[in-house]
Amino acid sequence: MFATENLIFRGLEDDDLENILRLRNDPLVQRTLTFSAIAPAPSSKYKEHMKTFAEGSALWFSLVHKKNYEYVGFCCINLLEAKNRDARLGVTIASRFWGKGYGTEATRFTVNHAFKQFGLQRISLDVTEGNARARAVYTKLGFKEEGRKRRGNWIDGHWEDIIAMGVLDEEWAELHPDSRQL
Ligand SMILES: CC(C)(COP(=O)(O)OP(=O)(O)OC[C@H]1O[C@@H](n2cnc3c(N)ncnc32)[C@H](O)[C@@H]1OP(=O)(O)O)[C@@H](O)C(=O)NCCC(=O)NCCS
């Protein structure tokens, strides 16, 4: 278990799955997903899928608030190709907590931890063009746009691109000199 200024980072607990389903069914969160339309997920199937996904992740953090242990969201790291020391970052914060700096705080700690503990040389992610909030967080922390899948996502009656972003270990270390001590 780890802690930053506002958040506790702990492993998956069975009770988290109900909260993860709630996140998945929040239309504000659904708008950021490319793999499904804005529609409710079947509960038992989705919870089972997320349990398997979390348990199969190289790193899974359930995030709870330090003050009252309220569920805030999750961060995860999934190895892409072991030989290339490349991994995919995932982060989701419950919408009632957006705009308080928690997404930045959670992403920063998770990326630090992944670089330090897994010997990765890069961390990758995909983000939709319209997800300005996520793009702001990633760009602020040092992720760079590396490519675009044109018309990758259909949303609200129009197409948008899916943007590939990534950060290299030396870029991260330069931008976050304190990361070595975390
Ligand atoms: C993306 C996400 C993790 C961000 O979490 P958060 O707690 O709101 O993030 P923070 O409060 O740390 O930062 C939000 C930043 O977005 C900026 N922002 C908000 N709305 C914006 C907009 N419309 N355009 C540009 N920037 C915007 C804020 O100004 C802030 O940047 P700042 O700290 O430099 O001022 C959260 O919105 C989320 O979980 N979304 C749903 C799932 C998701 O999109 N995951 C990422 C998929 S790739």
Side-chain angles (χ1 to χ4, degrees), residues 3-9 12 16-41 46 49-50 53-54 57-68 70-80 86-114 122-150 152-156 158-167 172 175-176 179 182:
T4 52
E5 191 188 346
N6 299 291
L7 302 172
I8 292 172
F9 296 68
L12 183 81
D16 295 343
L17 294 167
E18 194 56 45
N19 287 309
I20 293 171
L21 178 67
R22 245 179 248 136
L23 286 183
R24 165 69 175 76
N25 283 333
D26 177 343
L28 291 172
V29 173
Q30 285 188 349
R31 298 178 60 77
T32 67
L33 306 174
T34 56
F35 56 81
S36 91
I38 297 180
Y46 185 71
H49 160 75
M50 285 308 290
F53 177 74
S57 295
L59 183 63
W60 176 276
F61 287 134
S62 290
L63 312 169
V64 293
H65 204 284
K66 245 181 175 175
K67 261 193 205 149
N68 51 12
E70 200 178 341
Y71 185 86
V72 171
F74 64 84
C75 279
C76 56
I77 292 283
N78 285 278
L79 298 180
L80 290 172
D86 187 6
R88 183 178 299 281
L89 169 74
V91 52
T92 301
I93 301 288
S95 58
R96 66 185 178 284
F97 292 112
W98 289 2
K100 297 175 188 296
Y102 299 161
T104 305
E105 191 173 324
T107 303
R108 189 167 189 275
F109 179 82
T110 303
V111 172
N112 271 343
H113 192 79
R122 56 168 290 127
I123 293 180
S124 310
L125 60 87
D126 290 330
V127 60
T128 54
E129 193 177 10
N131 194 347
R133 190 178 288 277
R135 289 172 64 193
V137 169
Y138 300 141
T139 304
K140 180 173 52 172
L141 289 173
F143 283 78
K144 291 185 178 158
E145 183 174 328
E146 296 179 326
R148 275 175 182 253
K149 184 177 187 176
R150 294 170 303 150
N153 192 44
W154 177 253
I155 181 89
D156 290 344
H158 70 275
W159 291 107
E160 63 177 359
D161 292 353
I162 297 178
I163 302 171
M165 300 187 82
V167 64
W172 186 267
L175 287 166
H176 306 271
S179 63
L182 288 173

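Just so you know, these numbers come straight off a predicted model, no measurement behind them. The figures that follow rest on heavy atoms only: side chains count, while hydrogens, waters and symmetry mates do not. Counting convention: from 1, in listed order, for ligands and their atoms alike.
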Checklist entry - With a 3.5 Å cut-off and no angle check, do the side chains of S124 and R122 form a donor-acceptor pair? => result yes

Checklist entry - Between K67 and E70, does at least one N-O distance fall below 4.0 Å, as a salt bridge requires? => result no

Item to check | Option set A136, S95, G103, C75, criterion heavy-atom distance to atom 16 (O) of ligand 1, minimum | outcome: A136

Next on the checklist: Parallel, tilted or perpendicular: which one describes the rings of Y46 and H49, with boundaries at 30° and 60°?
Outcome noted: tilted

Next on the checklist: Using a plain distance cutoff, I'd like to know if T92 has any nitrogen or oxygen under 3.5 Å from a nitrogen or oxygen of ligand 1.
Outcome noted: no

Next on the checklist: Just to confirm my output: which protein heavy-atom neighbour is closest to atom 37 (O) of ligand 1, and how far is it?
Outcome noted: R133 CD, 3.0 Å

Item to check | Straight-line distance of D26 CG to T92 OG1, nearest 0.5 Å | outcome: 10.5 Å

Checklist outcome for this item: OH (Y71) and CZ (F97) are apart, to the nearest 0.5 Å, by 11.0 Å

Checklist entry - Distance only, no hydrogens: is a donor on one side chain within 3.5 Å (strictly under) of an acceptor on the other, for S62 and D16? => result yes

Checklist entry - Can any side-chain N or O of T32 pair as donor or acceptor with the backbone N or O of L28 at less than 3.5 Å? => result no

Checklist entry - Is atom 8 (O) of ligand 1 less than 4.0 angstrom from some protein heavy atom? => result yes

Item to check | Nitrogen or oxygen of V29 less than 3.5 angstrom from that of ligand 1 | outcome: no

Next on the checklist: Walk me through whether L21 and N25 qualify under side chain to side chain contact (heavy atoms under 4.5 Å, CB included).
Outcome noted: CA-CA 6 Å; L21 178 67; N25 283 333; 3.6 Å; yes

Next on the checklist: Taking I155's backbone N and O only, do any of them form a donor-acceptor pair with E160's side chain (distance below 3.5 Å, no angle check)?
Outcome noted: no

Checklist entry - Should F74 and I93 count as side-chain neighbours, where that means a heavy-atom distance under 4.5 Å? => result no

Item to check | Donor-acceptor under 3.5 Å (E105 side chain, N6 main chain) | outcome: yes

Next on the checklist: What protein heavy atom lies closest to atom 36 (C) of ligand 1? Include the residue and the distance to one decimal.
Outcome noted: W98 NE1, 3.4 Å

Item to check | Y138 contact mode with ligand 1 (heavy-atom cut-off under 4.0 Å) | outcome: side chain

Next on the checklist: Tell me whether D126 reaches ligand 1 (any heavy atom closer than 4.0 angstrom to a ligand atom).
Outcome noted: yes

Checklist entry - With atoms numbered from 1 as shown, which atoms in ligand 1 lie under 4.0 angstrom from a non-hydrogen atom of G99? => result 6 (P), 7 (O), 8 (O), 11 (O)

Next on the checklist: Just to confirm my output: which protein heavy-atom neighbour is closest to atom 45 (N) of ligand 1, and how far is it?
Outcome noted: V91 O, 2.8 Å

Item to check | Separation between CG of L141 and CG of L175, rounded to the nearest 0.5 Å | outcome: 9.0 Å

Item to check | Close N or O approach (L125, ligand 1; < 3.5 Å) | outcome: no

Next on the checklist: When you measure from atom 33 (O) of ligand 1 to the protein, is at least one non-hydrogen atom found at a distance under 4.0 Å?
Outcome noted: yes

Item to check | Nearest non-hydrogen protein atom, atom 39 (O) of ligand 1 | outcome: I93 N, 2.7 Å

Checklist entry - N/O to N/O below 3.5 Å, does that happen between V137 and ligand 1? => result no

Checklist entry - With atoms numbered from 1 as shown, which atoms in ligand 1 lie under 4.0 angstrom from a non-hydrogen atom of Y102? => result 7 (O), 12 (O)

Checklist entry - Just heavy atoms, cut-off under 4.0 Å: does T104 contact ligand 1 by side chain, backbone, both, or neither? => result both

Item to check | Any donor-acceptor N/O pair, R24 side chain to Q30 backbone, under 3.5 Å | outcome: no

Checklist outcome for this item: the protein heavy atom lying closest to atom 30 (C) of ligand 1 turns out to be K140 NZ, 4.5 Å

Next on the checklist: Polar contacts were defined as any N/O atom of the residue lying under 3.5 Å from an N/O atom of the ligand; does this apply to N131 and ligand 1?
Outcome noted: yes

Checklist entry - Of all the non-hydrogen atoms in the protein, which one sits nearest to atom 11 (O) of ligand 1, and at what distance? => result G101 N, 2.8 Å

Next on the checklist: What protein heavy atom lies closest to atom 42 (C) of ligand 1? Include the residue and the distance to one decimal.
Outcome noted: T32 OG1, 3.5 Å

Next on the checklist: Centre-to-centre under 6.0 Å for F9 and F109, is that the case here?
Outcome noted: yes

Next on the checklist: Can you check atom 28 (C) of ligand 1: any protein non-hydrogen atom closer than 4.0 Å?
Outcome noted: no

Next on the checklist: Tell me the protein heavy atom at minimum distance from atom 23 (N) of ligand 1, and give that distance in Å.
Outcome noted: A132 CB, 3.8 Å

Checklist entry - How about atom 2 (C) of ligand 1: does it have a protein heavy atom within less than 4.0 Å? => result no

